[in-house]
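What follows is a single structure, written as structure tokens, with notes after it.
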Amino acid sequence: MAKLKAPPDKFAPGWLSDLDGRTGIAQTMRGRYAEMTSDLGGADSLSLAQRLLVERALWLTYWLETQEAALAQGQEFDVGKWVQAANGLQGILAKLGLERKARDVPSLQTYLARREAKS
């Protein structure tokens with residue numbers, strides 16, 4: 001299957017992994033994914049539902065940004081759809097939480113003991 005050059009026009013689960021990693025938009029979106037999941041305590045600590053919400057939030061953010069760019073260029077803009085998407089994004093972000101969460105990090109002594117045990 002050919003890799004996508006940009007996010008799809010309609011949300012589809014897995015769209016982020018379908019992006020062509022050589023494109024700037026793919027790099028930007030994957031960077032945002034990493035940043036958002038890091039803020040939530042790390043992707044490996046999130047449930048599937050949380051990871052899906054992050055993916056949907058990123059798609060909505062992209063869609064909103066493209067609509068705003070179209071408005072700035074005098075192109076067609078549907079304020080009703082924009083408001084609906086913005087409200088949807090707000091709901092997802094509220095569900096995920098807007099505060100950064102600290103990762104559970106072992107003490108230095110525990111880390112070194114585990115590291116030595118692996119050697």
Side-chain angles (χ1 to χ4, degrees):
M1 181 173 128
K3 290 288 191 175
L4 301 173
K5 299 291 183 192
D9 292 335
K10 294 186 180 198
F11 177 81
W15 68 269
L16 193 55
S17 61
D18 292 339
L19 287 177
D20 184 340
R22 298 170 293 180
T23 63
I25 190 65
Q27 293 167 16
T28 298
M29 298 310 284
R30 288 180 181 153
R32 288 179 179 181
Y33 180 86
E35 189 172 355
M36 186 177 278
T37 56
S38 177
D39 285 350
L40 295 169
D44 55 343
S45 70
L46 300 180
S47 68
L48 173 61
Q50 288 171 308
R51 291 190 310 271
L52 290 172
L53 286 174
V54 168
E55 190 176 23
R56 187 169 296 268
L58 290 172
W59 184 88
L60 279 170
T61 299
Y62 172 80
W63 188 87
L64 287 164
E65 289 172 349
T66 60
Q67 297 305 301
E68 291 159 0
L71 175 63
Q73 296 171 2
Q75 297 174 2
E76 186 177 324
F77 181 80
D78 185 332
V79 71
K81 286 183 180 180
W82 185 93
V83 168
Q84 216 172 9
N87 286 339
L89 177 58
Q90 180 185 14
I92 291 170
L93 294 176
K95 181 64 89 175
L96 288 170
L98 301 176
E99 301 296 322
R100 282 186 163 184
K101 295 181 183 170
R103 290 183 186 205
D104 186 24
V105 179
S107 69
L108 180 59
Q109 187 177 18
T110 303
Y111 170 78
L112 292 173
R114 287 181 189 164
R115 186 172 162 198
E116 190 173 309
K118 288 182 181 180
S119 303

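What you are looking at is a predicted structure, and each value in this text was computed from that prediction instead of being measured.
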Compare every heavy atom of [Y] with every heavy atom of [X], then report the nearest pair and how far apart it is.
| X | Y | value |
| --- | --- | --- |
| Ser17 | Gly14 | OG-O, 2.9 Å |
| Gly21 | Ala26 | CA-CB, 3.9 Å |
| Ala34 | Thr37 | O-OG1, 3.2 Å |
| Ile92 | Ala57 | CG2-CB, 3.8 Å |

- Should the heavy atoms of other residues, nucleotides or ligands under 6.0 Å from CD of Gln84 be counted, would the total exceed 12?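 Check fails, neighbour count at 12 or below.
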- For the side chain of Gln50 and the backbone of Leu96, is there at least one donor-acceptor N/O pair under 3.5 Å apart?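 It does not hold such a pair.
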Between [atom1] of [X] and [atom2] of [Y], what distance do you get to the nearest 0.5 Å?
| X | Y | atom1 | atom2 | value |
| --- | --- | --- | --- | --- |
| Glu55 | Phe11 | CD | CZ | 4.5 Å |
| Arg30 | Leu58 | CZ | CG | 11.5 Å |
| Leu60 | Gln90 | CG | CD | 12.0 Å |
| Leu19 | Lys3 | CG | NZ | 8.0 Å |

- Summary of side chain to side chain donor-acceptor pair (under 3.5 Å) pairs that have at least one residue in residues 58-70, sequence neighbours excluded: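 Counting only pairs at least two positions apart or across chains, the side chain to side chain donor-acceptor pair (under 3.5 Å) contacts touching residues 58-70 are Arg32-Glu65, Glu68-Trp82.
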Atom pairs and distances, donor-acceptor, side-chain atoms in residues 72-80, under 3.5 Å, two or more places apart:
from	atom 1	to	atom 2	distance (Å)
Gln73	OE1	Gln75	NE2	3.0
Asp78	OD1	Gly80	N	3.0
Asp78	OD1	Lys81	N	3.1

Just jot down the salt bridge (Lys or Arg N to Asp or Glu O under 4.0 Å) partners of [X], sequence neighbours excluded, or say none.
| X | result |
| --- | --- |
| Asp20 | Lys5, Arg22 |
| Arg114 | none |
| Lys95 | none |

- Going hydrophobic residue to hydrophobic residue with side-chain gaps under 4.5 angstrom, can you get from Ile25 over to Trp15?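 Yes, Ile25 connects to Trp15 through the hydrophobic network.
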- Is it true that Val83 and Leu71 fall in one hydrophobic cluster, defined by side-chain heavy atoms closer than 4.5 Å?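 Shared cluster, yes.
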- Message: I'd like to check Leu93 versus Met36 (side-chain heavy atoms, cut-off strictly below 4.5 Å). Are they in contact?
- Response: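 In short, these two side chains touch, coming nearer than 4.5 Å.
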